[in-house]
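Quick notes on the structure that follows.
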Protein chains: 2
Amino acid sequence: MAPQSPRDKIVHAAMELFWLKGYNSTSIADLLSRTQLNSGSLYHVFPSKQDVLIGVLEAYRDGIQEMLLEPAWGAVDDPIEKIFALLNGYRTMIVESDCTYGCPIGSLALELHEPDPQVRALLAQNFENWTAAIETCLADAGRRLPANTDHRALAQFVLTAMEGGVMQARTHRDVAYFDRAVAQLRAHFKLLEEAAKSKA
Amino acid sequence: MAPQSPRDKIVHAAMELFWLKGYNSTSIADLLSRTQLNSGSLYHVFPSKQDVLIGVLEAYRDGIQEMLLEPAWGAVDDPIEKIFALLNGYRTMIVESDCTYGCPIGSLALELHEPDPQVRALLAQNFENWTAAIETCLADAGRRLPANTDHRALAQFVLTAMEGGVMQARTHRDVAYFDRAVAQLRAHFKLLEEAAKSKA
DNA sequence: GCTGGACTTGATTGAACATTCAAACAAGAG
DNA sequence: CTCTTGTTTGAATGTTCAATCAAGTCCAGC
């Protein structure tokens, strides 16, 4: 591995710690002990804790392709299956974390009650990029969906189902809640495909 | 109004403050200044801050009928419309809060990363009561839904749509995200009702 | 009107926290 | 070697916080 700059070390550690413990419950001291840096070095790179958060959100934003989509879509071509392959990626993370997994963006979005405009914009942008990826799948599905389908709304609904499913799975410590959300979404897509067929 | 006991005062203030600022960001001092009590009185009633949280979650659990369902369902009889009336209640709260509204239970569920078992059980119970209420609506809808409909899964999906919609509306500071989630859910119900009819 | 138990007062404690800064260090340019 | 610029060190600062407790008040029952 290439030697990491302090900046990269901090962002990397913060991504993990914010995900694990949340933003407010992660102290600067946590970040320092994890990165083996001194407080002065951290504050040389990031003027405040909030700037670390901004760095983390930018990293998620810039890494969505390599970190999220490519791993999930490696072996999948069918556009609608790509959507469920992505959801299955989340399922894996839920199981691997013993059902403590929370979407990093969703958790931050709900934890930060009065976010700075820049932070809120980055949260929104992360959601926007996610749904945009789903939207391209829906566009690729073409005539399999009814002609009047609102792709943007449906893509947002996929995010809705994911976030809601993750939240319930975590609260109940049981993947089955996530699975049921995905199954319902699957049923919805099936009904849409049937509706598209019968009108053709 | 009847004179409130210190306990009621604290729970009432904590419901509002936890909702407004979150659990971690609400200090005991915040609760004391809001309730005009002294720290000793608070600690006489609740041995720790977490016990205040438990009191709040119990209050939500015990108040779901009067606080949530009855106001939303006052004028509605149709079982499926009752579901959307409840969602419309959330819509009102989103608008009234300038799109800063977050479901109190959902926000706490995501904010608390390593909750005490009792706290987690109460969060889960709150979700469970909510979906149980939806489930009775689905049962009342009877043959309007396909015979093989999984009422529990569908009720959980309604919660999923609500939580996901609220999260996105808040992040983007725009009710339209909630509205689109509800519209998608409405479309899903419409497809289910059509499927039930065509099989009849 | 006295006693005992329940509640209240509010200053205090000690830990945790984000942030600062003067001093040290590294290394490339002249 | 020396100056300069960028980086690192880590002890120190001031604040905030949850929680404590000895002393005081209140009132019910006798």
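A note on names: the letters A, B, ... follow the listed sequences, proteins ahead of strands, and every chain is numbered from 1.
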Checklist entry - Please walk me through it: do B:Glu81 and B:Arg186 pass salt bridge (Lys or Arg N to Asp or Glu O under 4.0 Å)? => result CA-CA 10 Å; B:Glu81 288 315 308; B:Arg186 179 76 88 170; 2.9 Å; yes
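Bounding nucleotides for the chain A contact on DNA chain D, 5' to 3', at a heavy-atom distance below 4.0 Å, are D:dT7 to D:dA11. For DNA chain C, the outermost nucleotides in 5' to 3' order that have an atom under 4.0 Å from a heavy atom of chain A are C:dC17 to C:dC21.
Listed by chain and number, the residues in a side chain to side chain contact (heavy atoms under 4.5 Å, CB included) with B:Arg61 are B:Glu58, B:Leu122, B:Gln125, B:Asn126, B:Asn129 (sequence neighbours excluded). A search for side chain to side chain contact (heavy atoms under 4.5 Å, CB included) contacts involving A:Val119 returns A:Gln50, A:Leu53, A:Ile54, A:Leu57, A:Leu112, A:Pro115, A:Asp116, A:Leu123, not counting sequence neighbours. The salt bridge (Lys or Arg N to Asp or Glu O under 4.0 Å) check on A:Arg120 picks up nothing, with sequence neighbours excluded. Scanning for side chain to side chain contact (heavy atoms under 4.5 Å, CB included) contacts around B:Glu70 gives B:Gln65, B:Glu66, with sequence neighbours left out. Taking the side chain to side chain contact (heavy atoms under 4.5 Å, CB included) definition, one finds that A:Ala183 meets it with nothing, sequence neighbours left out.
Between the side chain of B:Thr35 and the main chain of B:Ile10, no donor-acceptor pair closer than 3.5 Å is present. Between the side chain of A:Asn88 and the main chain of A:Ala85, no donor-acceptor pair closer than 3.5 Å is present.
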Please tabulate, for the side chains in residues 152-164 of chain A, all donor-acceptor contacts under 3.5 angstrom to protein atoms that are two or more places apart in sequence or on a different chain.
| unit_1 | atom_1 | unit_2 | atom_2 | d |
| --- | --- | --- | --- | --- |
| A:Arg152 | NH1 | A:Glu128 | OE2 | 3.3 |
| A:Gln156 | OE1 | B:Arg180 | NE | 2.7 |
| A:Thr160 | OG1 | A:Gln156 | O | 3.0 |
| A:Thr160 | OG1 | B:Gln168 | NE2 | 2.7 |

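Sorted by first and then second residue, the side chain to side chain donor-acceptor pair (under 3.5 Å) pairs with a member in residues 93-106 of chain A form an empty list; sequence neighbours excluded.
Heavy atoms of B:Thr26 sit under 4.0 angstrom from primed sugar atoms or phosphate atoms, though from no base atom. Heavy atoms of B:Ile28 sit under 4.0 angstrom from primed sugar atoms or phosphate atoms, though from no base atom.
The aromatic rings of A:His188 and B:His188 lie perpendicular to each other, with more than 60° between the two planes, well past the 30° mark.
Between A:Asp51 and A:Ser48, the side chains place a donor N or O and an acceptor N or O closer than 3.5 Å (distance only, hydrogens not considered).
Across all their heavy atoms, A:Ala14 and A:Val56 have their closest contact at CB-CG2, 3.5 Å. Minimum heavy-atom separation, B:Arg170 to A:Leu110: NH2-O, 3.2 Å.
Comparing the local axis fitted to the first five base pairs of the helix from C:dG1-D:dC30 to C:dG30-D:dC1 with the one fitted to its last five gives a bend of 10°, rounded to 10°.
For A:Phe127 and B:Tyr177, the ring centers sit 6.0 Å or farther from each other.
Remark: nothing in residues 109-120 of chain B comes within less than 4.0 Å of DNA chain C through any heavy atom. Near DNA chain C, meaning a heavy atom under 4.0 Å from it, residues 36-50 of chain B has B:Asn38, B:Ser39, B:Gly40, B:Ser41, B:His44 in order of number.
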